[in-house]
Number of protein chains: 2
Amino acid sequence: MQQAARERLVKFGIRPSVQRIAIMKYLLTHRTHPTVDEIYTALAPEIPTLSKTTVYNTLHLLYEHGAILLISIDPANTHFDGYTHPHAHFLCTKCTKVYDVEIDDTAFVDRNKPSMAAEITDSELYYVGVCRECGKQ
Amino acid sequence: MQQAARERLVKFGIRPSVQRIAIMKYLLTHRTHPTVDEIYTALAPEIPTLSKTTVYNTLHLLYEHGAILLISIDPANTHFDGYTHPHAHFLCTKCTKVYDVEIDDTAFVDRNKPSMAAEITDSELYYVGVCRECGKQ
DNA sequence: CTACAAAATTGTAATCGTTGTAAAAATGAT
DNA sequence: ATCATTTTTACAACGATTACAATTTTGTAG
């Protein structure tokens with residue numbers, strides 16, 4: 001998975017540093033849509049000199065090169081997703097978890113591209129509500 | 001339009017105060033998806049005692065009652081929309097304007113509701129890119 | 001191998017949108 | 001008219017993100 005992370009960086013034209021590989025690897029092995037803080041806290045033990053600024057910088061770099069998704073649905077924190085195939089996201093406002101949502105018509109988003117756009121760099125479909133887990137209580 | 005704003009508040013079970021009417025009216029007459037600051041700056045002259053906290057409180061109240069939409073696509077600012085019919089939004093990263101985007105299949109979002117959701121309170125479809133206006137330069 | 005320029009990382013300070021809080025003002029009911 | 005409730009207000013505090021300049025690492029040419 002270390003190797004997969006490195007290859008993904010190279011594939012998207014990003015030079016693979018220790019920090020970048022670790023962050024990419026974290027996103028590939030944790031499909032939990034982590035926040036900057038979660039990633040930083042998880043990696044700090046194995047990379048003691050890691051700076052939170054580096055996590056910010058790296059995630060934005062990965063996002064701008066199309067290697068990861070940026071999820072802006074949670075007003076409190078930006079989440080990130082290492083898997084870039086077409087899918088939607090669901091935010092539970094109780095536990096603030098972000099879930100993946102498969103969509104039946106993956107061409108829908110492309111079909112409805114805004115006419116006033118000269119260029120589209122990203123598109124996102126979000127749902128907000130309460131998950132079954134939290135709904136029980 | 002003053003009257004339309006008042007009626008909309010009542011329709012959604014919100015008591016119509018001077019401040020609430022003014023904010024609702026602003027959203028109905030300015031289809032620019034304004035931010036908290038834009039609304040506050042615009043209304044402060046006519047309501048000199050207006051507090052920014054009130055604008056925050058009121059917008060969240062309106063949103064929670066379903067009278068307006070909350071647009072979270074812009075990392076820098078939350079935008080609001082007084083028109084709640086099904087449509088998408090497009091953020092230009094150059095001028096940070098938010099445009100309305102009509103969608104061909106308004107049932108799409110409902111059809112793909114996440115299975116792990118006990119309750120859905122909101123759904124949003126976003127596009128990010130550069131608008132024609134900014135693309136010229 | 002060495003030196004130098006470019007790129008990446010780091011720590012700290014600063015920014016700024018948003019929220020918390022408690023007091024003041026306005027409103028509605030008795 | 002009085003009192004409880006709701007709403008508004010001002011200000012402080014918070015916290016995610018960014019700015020910045022210094023330090024470290026990396027790649028390349030000699």
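The chains referred to below are lettered A, B, ... by the order of the sequence lines, with proteins before strands, and numbering in each begins at 1.
Of the possible polar contacts, one joining the A:Arg132 side chain to the B:Ser115 backbone as a donor-acceptor pair under 3.5 Å is found. At least one donor-acceptor pair under 3.5 Å links the side chain of A:Arg20 to the backbone N or O of A:Arg15. B:Thr121 places a side-chain N or O within 3.5 Å of a backbone atom of A:Val128 that can act as its donor or acceptor partner. Formation of a donor-acceptor pair under 3.5 Å by the A:His79 side chain with backbone atoms of A:Ile71 is not found in this model.
Listed by residue number, B:Thr53, B:Tyr56, B:His60, B:Ala76, B:Asn77, B:Thr78 are the residues of residues 50-83 of chain B with a heavy-atom contact under 4.0 Å to DNA chain C. Sorted by residue number, the list of members of residues 27-43 of chain A with any non-hydrogen atom under 4.0 Å from DNA chain C is empty.
In 5' to 3' order, the nucleotides of DNA chain C bounding all contacts with chain A (an atom under 4.0 Å from a heavy atom) are C:dA7 to C:dT12. From the 5' end on, the contacts that DNA chain D makes with chain A at under 4.0 Å to a non-hydrogen atom open and close at D:dA16 to D:dG27.
A donor atom on one side chain and an acceptor atom on the other are found under 3.5 Å apart for B:Asp81 and B:His87.
For residues 90-112 of chain A, the pairs satisfying salt bridge (Lys or Arg N to Asp or Glu O under 4.0 Å) are A:Arg31-A:Asp100, A:Asp104-B:Arg111, A:Asp105-A:Arg111, A:Asp110-A:Lys113, A:Arg111-B:Asp104, with sequence neighbours left out. Applying the salt bridge (Lys or Arg N to Asp or Glu O under 4.0 Å) rule to pairs touching residues 53-67 of chain A yields nothing, sequence neighbours excluded.
Partners of A:Thr84 according to the side-chain hydrogen bond (donor to acceptor under 3.5 Å, both in side chains) rule, which considers only residues two or more places apart in sequence or in another chain, are A:Arg8. Residues passing the ring-ring contact (aromatic ring centres under 6.0 Å, His included) test with A:Tyr40: none are found, sequence neighbours excluded. Not counting sequence neighbours, the partners of A:Tyr63 by the side-chain hydrogen bond (donor to acceptor under 3.5 Å, both in side chains) test are A:Asp122.
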Please output the side-chain donor-acceptor pairs of residues 45-52 of chain B that fall under 3.5 Å, not counting sequence neighbours, one pair per line with the distance.
from    : atom 1 : to      : atom 2 : distance (Å)
B:Ser51 : OG     : B:Thr53 : N      : 3.1
B:Lys52 : NZ     : B:Asp37 : OD1    : 2.5

For a quick test of your reading: what N or O donor-acceptor pairs under 3.5 Å do the side chains of residues 23-30 of chain A make, sequence neighbours left out?
from    : atom 1 : to      : atom 2 : distance (Å)
A:Lys25 : NZ     : A:Gln2  : OE1    : 3.4
A:Thr29 : OG1    : A:Lys25 : O      : 2.8
A:Thr29 : OG1    : A:Tyr26 : O      : 3.3
A:His30 : ND1    : A:Tyr26 : O      : 3.0

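Direction of the helix axis in the helix from C:dC1-D:dG30 to C:dT30-D:dA1 shifts by 20° between the two five-pair termini, rounded to 10°.
The cluster map of Ile, Leu, Val, Met, Phe, Trp and Tyr, joined by side-chain heavy atoms under 4.5 Å apart, puts B:Ile73 and A:Ile73 in the same cluster. Grouping the Ile, Leu, Val, Met, Phe, Trp and Tyr side chains by contacts below 4.5 angstrom, directly or via other members, places A:Ile39 apart from A:Val98.
Distance check: A:Thr54 OG1 to A:Leu43 CG gives 11.0 Å after rounding to the nearest 0.5 Å.
Closest-nucleotide positions on DNA chain C for B:Arg15 and A:Ser17 were compared, and the one nearer the 5' end corresponds to A:Ser17.
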